[in-house]
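Below: one structure, written as structure tokens.
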Amino acid sequence: MFSKNIGIDLGTANTFVYIGGKGIVIKEPTVVAINQKTNSIVAIGNEAKEMIGRTPNYIYVVRPLVNGVVSNFEITAELLKYFLNKVLNPTLSFLIKSRVVVGIPTNLTEVEKKAVKDAVRDAGAKEVYLVEETLAGAIGIRLPIFESSGSMIIDIGGGTADIAVISLGGIVVGKSIAIAGDKFNSDIMNYAKDELKLLIGERMAEEIKILVGALGEQKEIKEGIMRGRDLITGLPREVVINSNQIEKALAKSIKILVNSIKSILEETPPELVADIINKGIYLVGGGSLLKGLDKILSEEVKIQVHISEDQMTAVVR
Ligand code: ADP
Ligand code: MG
């Protein structure tokens with residue numbers, strides 16, 4: 001009677017839901033808070049992310065996709081159901097034929113893929129399809145992926161950076177590495193601990209990364225205040241940190257990212273490399289918003305790097 005086409009980007013950091021004809025209807029962190037005493041879910045999405053680092057010890061906050069562990073797929077299933085129920089009226093779902101396409105990380109096992117499909121079906125979807133996120137992202141930014149010409153897309157998310165060379169509708173060479181937004185946050189936490197003797201939380205690190213983080217010679221140098229606990233006195237302390245320090249903190253990770261891109265280019269058939277040199281490399285995902293990252297990558301691999309508009313929603317679109 002009625003039919004709905006739905007797209008879901010199940011990211012390690014954020015989940016997006018798109019409904020055909022309507023646009024993006026859900027944009028929330030892939031985070032779930034669980035009460036260990038009752039073994040029940042306390043909060044999902046935005047509300048759960050607010051709780052990170054602020055819970056009593058019997059409530060723990062999980063990001064079910066980060067480690068890609070199968071047991072956490074039960075929680076993922078609950079999260080998907082919760083979001084889908086928000087947008088699909090469950091009492092009408094038997095009337096509505098919903099077709100759902102889910103963008104999934106490249107490394108999922110067959111068991112995990114089945115778990116995602118089952119979860120979406122459980123939530124009321126009639127037909128479920130899975131698609132690799134890099135492929136979906138390339139379609140989202142309207143790269144001509146079905147042509148016999150190579151396109152390189154790099155999706156820098158929370159948990160992973162996925163690098164893919166696409167031609168004729170498929171991924172020719174691809175790799176997923178655990179260097180992305182989360183790693184940048186933990187680099188900043190480690191820098192604060194080692195260099196400034198300051199213990200900071202994950203959310204503080206992320207805030208500073210977004211506010212102060214910048215790479216490259218031509219960057220505008222900003223300053224921000226990091227609040228945490230002094231490692232020596234054990235008391236609260238504030239430290240001013242600037243973009244140069246953040247760049248130092250991230251240097252190793254950026255180097256690994258650069259080397260991974262280079263090694264993918266080395267594995268890419270020469271005809272496709274020629275296409276990529278012509279067209280440039282496309283960045284999507286929230287991690288690619290780190291200021292100056294595009295310039296650094298471009299200088300290192302000697303190929304133009306484009307950041308697409310609305311890069312965080314490329315996959316779901
Ligand atoms: P995923 O697809 O894995 O869910 P996203 O594409 O949603 O990930 O990106 C989330 C990551 O992007 C987080 O690590 C977040 O800190 C980072 N991020 C978001 N905005 C910015 C910004 N302005 N600068 C740097 N990093 C950012
Ligand atoms: Mg993503």
Side-chain angles (χ1 to χ4, degrees), residues 7-18 24 26-32 45-46 48-49 52 62-68 76 79-80 83 101-108 116 130-141 153-164 174 176-189 200-216 219-220 222 224 243 246-247 249-250 253-254 257 282-297 307-317:
I8 302 177
D9 170 7
L10 184 58
T12 61
N14 297 296
T15 298
F16 294 79
V17 179
Y18 186 107
I24 296 170
I26 298 264
K27 218 178 197 176
E28 295 203 40
T30 314
V31 179
V32 180
N46 284 322
K49 187 171 183 184
I52 291 180
V62 290
R63 292 186 39 204
L65 280 183
V66 164
N67 307 314
T76 308
L79 172 125
L80 279 172
F83 288 147
V101 183
V102 190
I104 49 159
T106 339
N107 303 346
L108 294 198
V116 172
L130 303 181
V131 60
E132 266 131 339
E133 281 169 342
T134 40
L135 214 51
I139 297 168
I141 60 171
I153 183 163
I154 307 176
D155 179 0
I156 307 176
T160 61
D162 288 17
I163 309 164
S176 180
I177 57 170
I179 303 279
D182 293 340
K183 180 66 170 67
F184 299 156
N185 296 349
S186 68
D187 287 341
I188 293 171
M189 289 165 79
I200 61 167
E202 207 180 312
R203 300 197 47 188
M204 183 79 248
E206 180 166 52
E207 210 175 283
I208 283 293
K209 173 184 72 179
I210 293 173
L211 230 63
V212 182
L215 309 174
K219 67 175 175 287
E220 184 194 338
K222 290 196 178 150
S243 307
I246 301 292
E247 182 163 29
L250 303 182
S253 294
I254 300 297
L257 183 60
Y282 292 83
L283 294 186
V284 297
S288 66
L289 284 167
L290 181 64
K291 287 182 204 74
L293 181 62
D294 53 336
K295 283 209 194 78
I296 290 279
L297 296 182
I307 293 203
S308 44
E309 238 177 83
D310 245 343
Q311 64 286 90
M312 268 180 101
T313 60
V315 171
V316 82
R317 280 186 289 116

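Each ligand, and each atom within it, is numbered from 1 in the order the structure gives.
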Atom indices of ligand 1, in the order listed, that fall short of 4.0 Å to a heavy atom of [X]:
| X | result |
| --- | --- |
| Met312 | 7 (O) |
| Leu290 | 24 (N), 25 (C) |
| Glu206 | 13 (C), 14 (O), 15 (C), 16 (O) |
| Gly285 | 6 (O) |
| Gly181 | 14 (O) |

Judging by distance only, is a nitrogen or oxygen of [X] under 3.5 angstrom from one on ligand 1?
| X | value |
| --- | --- |
| Phe16 | no |
| Gly158 | yes |
| Asn185 | no |
| Asp155 | no |

What distance do [X] atom [atom1] and [Y] atom [atom2] have between them, rounded to the nearest 0.5 Å?
| X | Y | atom1 | atom2 | value |
| --- | --- | --- | --- | --- |
| Ile307 | Ile154 | CD1 | CD1 | 10.5 Å |
| Glu202 | Lys49 | CD | NZ | 8.5 Å |
| Arg63 | Leu79 | CZ | CG | 12.0 Å |
| Lys295 | Lys219 | NZ | NZ | 11.5 Å |
| Leu283 | Ser288 | CG | OG | 5.0 Å |
| Thr15 | Ile26 | OG1 | CD1 | 9.5 Å |

For this session: Would you kindly specify which portion of Lys209 sits under 4.0 Å from ligand 1, judged on non-hydrogen atoms: side chain, backbone, both or neither?
Result: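 Looking at Lys209 and ligand 1, just side chain atoms fall under 4.0 Å.
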Problem set entry | Passing candidate, side chain to side chain contact (heavy atoms under 4.5 Å, CB included) with Phe16, options Leu10, Val315, Asp9, Thr30 |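 Of the listed options, the one satisfying the test is Asp9.
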How far is [atom] from its nearest protein heavy atom, and which residue and atom is that?
| atom | value |
| --- | --- |
| atom 3 (O) of ligand 1 | Thr12 OG1, 2.6 Å |
| atom 2 (O) of ligand 1 | Gly11 CA, 3.8 Å |
| atom 10 (C) of ligand 1 | Ala13 CB, 3.6 Å |
| atom 5 (P) of ligand 1 | Gly286 N, 3.7 Å |
| atom 7 (O) of ligand 1 | Asn14 ND2, 2.7 Å |
| atom 22 (C) of ligand 1 | Leu289 CB, 3.4 Å |

Exercise. Would you call Gly287 a ligand 1 contact, heavy-atom distance under 4.0 Å?
Worked result: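 Checking ligand 1 against Gly287, which is what was asked, there is a heavy-atom contact under 4.0 Å.
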For this session: Verify, without hydrogens or angle tests, whether Ser243 (side chain) and Val212 (backbone) share a donor-acceptor contact under 3.5 angstrom.
Result: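 Judged by distance alone, yes, a pair lies under 3.5 Å.
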Problem set entry | Exceeds 12 heavy-atom contacts within 6.0 angstrom, atom NZ of Lys27 |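 No, the 6.0 Å shell around NZ holds no more than 12 heavy atoms from other groups.
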Exercise. Cut-off 3.5 Å, side chains only: do Asp187 and Ser253 have a donor facing an acceptor?
Worked result: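 Yes - a donor-acceptor pair under 3.5 Å links their side chains.
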Exercise. Within a strict 4.5 Å, meaning less than it, do heavy atoms of the Ile246 and Phe184 side chains meet?
Worked result: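 No; the side chains remain at least 4.5 Å from each other.
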